[in-house]
Amino acid sequence: MQHLQDQVSRLSEQYFEETVAMRRYFHQYPELSEQEFNTAIYIKDRLKQYGIESQMYLAGKAIVALIEGKNTSSKVIALRADMDALPIEEENDLDFRSLNKGIMHACGHDVHIASLLTTARILHKLKNKWNGNIKLIFQPSEEKFPGGAIQLIENGVLENPKVNAVLGLHVSPEIETGKIGMKSGNYMASTDEIYITVTGKGGHAAIPEMLINPLLIASKMLLELDDYFSKSAPKDSPSVLTFGRITGDGKTNIVPDKVFLEGTLRTFNETWRTKAHQLITDTANTIAKKMKGNAQVYIAKGYPVLTNDEVLTVKIFSIAQEFLGKENVLSLDYRLTSEDFAYYSRFVPSVFYRLGTQIKGYDTGL
């Protein structure tokens, strides 16, 4: 085992500069969710250079490959990297800044892709040293509902051969380079988007007796929902209901007919999640009715809770400590952010961990 670890370390160092170069290429040429065609072509070509054949999925937006080790009738472990960037304009003067206007790898998926490509290269080179099979999943559309994970699962990515476990990672600027972190059990929150349309009766602000002001109704809703939610949410499970946008197309002296509220719900408890949906709907409708208005509530149900398999997490934590040193493997807490990797964890034992990217005293602007 030690000999294999030494070989992995040596090859990692040997391929390091090329891995950095690949990451910078992906950073320069980011693609939005559902548009990762050129990224997929680059990945497929790289894998071919390494001697790894691959297949395109989802009309050319995803790449899946299989590396066979010894004893191919043994288990299949899948490694997943997400590929999409965000609709953000990059504002810095780095040599490898984005060349695609209004698009940026601001969430680190460029690192994920480059890391998995080099991992694949190492695993293929050492394929006579380990048992089983490794399935590579280069997945599109993590940033956009419904997410690429569930699309790939529905297209059979966990079958033929059947996957026994899935591992994924995400960069973390909160953790120092050279360290990783993970948490057993529920790790990342479910996520839902909340849309409420409040309808009243608009008109001139100088004659409030003639109005049913949807801004007042919406304001009441925000306060009541915040109060009800804080009182009703389970104390042993972190939850968040936050509204980040309120839109009313009025003027200083004109009250609009409608106001639109947009927010997010994050939970770690699927039973409470369902109850919260009803609480939001009932509260909005009750307040609107009392104030002689109307409310329409739409909840876009997003990614589920990401649950790291407890047995598998303990095993990987221990192996990581052996390879990296105990001081470099951290136990993490809940995160109220979400990830479509959660879908894999619904179907097979999975572990999603954090890769440290923080360099003390050095800020890359990324």
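Side chains included, hydrogens not; waters and symmetry mates left out as well; all remaining heavy atoms used.
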> What's the verdict on side chain to side chain donor-acceptor pair (under 3.5 Å) for Ser239 and Trp272, showing C-alpha distance, side-chain angles and the deciding distance?
Replying inline: CA-CA 9 Å; Ser239 300; Trp272 161 240; 3.1 Å; yes

>> I'd like to know whether Tyr187 forms a side chain to side chain donor-acceptor pair (under 3.5 Å) with Arg354, so could you lay out the CA-CA distance, the side-chain angles of the two residues, the decisive distance to 0.1 Å, and finally the verdict.
In response: CA-CA 11 Å; Tyr187 174 44; Arg354 296 275 153 178; 2.9 Å; yes

>> Run the side chain to side chain donor-acceptor pair (under 3.5 Å) test on Thr242 and Thr264 for me, step by step, so that the C-alpha distance in whole Å, both residues' side-chain angles and the decisive distance to 0.1 Å come before the verdict.
In response: CA-CA 5 Å; Thr242 301; Thr264 184; over 6 Å; no

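Each salt bridge (charged side-chain N to carboxylate O under 4.0 Å, His left out) pair with one or both residues in residues 329-353, not counting sequence neighbours, appears once here: Arg80-Glu339, Arg80-Asp340. Among residue pairs with one or both ends in residues 145-169, those qualifying as side chain to side chain donor-acceptor pair (under 3.5 Å) are Glu34-Gln151; sequence neighbours excluded. Residues in residues 64-74 take part in no salt bridge (charged side-chain N to carboxylate O under 4.0 Å, His left out) pair, two or more places apart or across chains.
Scored by the salt bridge (charged side-chain N to carboxylate O under 4.0 Å, His left out) test, Glu91 finds no partners at all (sequence neighbours excluded). The salt bridge (charged side-chain N to carboxylate O under 4.0 Å, His left out) search around Glu193 returns none, not counting sequence neighbours. Scored by the salt bridge (charged side-chain N to carboxylate O under 4.0 Å, His left out) test, Lys125 finds no partners at all (sequence neighbours excluded).
Checking side-chain atoms of Tyr303 against main-chain N and O of Glu142 turns up a donor-acceptor pair under 3.5 Å. Within the 3.5 Å criterion, the main-chain N or O of Thr191 finds no donor-acceptor partner in the side chain of Lys301.
Using modelled atom types and a 3.5 Å distance limit, the side chains of Ser73 and Asn71 yield a donor-acceptor pair.
Taken to the nearest 0.5 Å, the NZ atom of Lys258 stands 6.5 Å off from the OG1 atom of Thr197.
For Phe347 and Tyr343, the distance between ring centers is not under 6.0 angstrom.
More than 12 heavy atoms of other residues, nucleotides or ligands sit less than 6.0 Å from atom CZ of Phe37.
With contacts defined as side-chain heavy-atom distances shorter than 4.5 Å, the pair Ile43/Phe26 qualifies.
Using a 30° and 60° split on the angle between ring planes, His27 and Phe96 fall in the perpendicular class, above 60°.
Counting all heavy atoms, side chain and backbone alike, Glu310 lies closest to Gly185 at CG-N, 3.9 Å.
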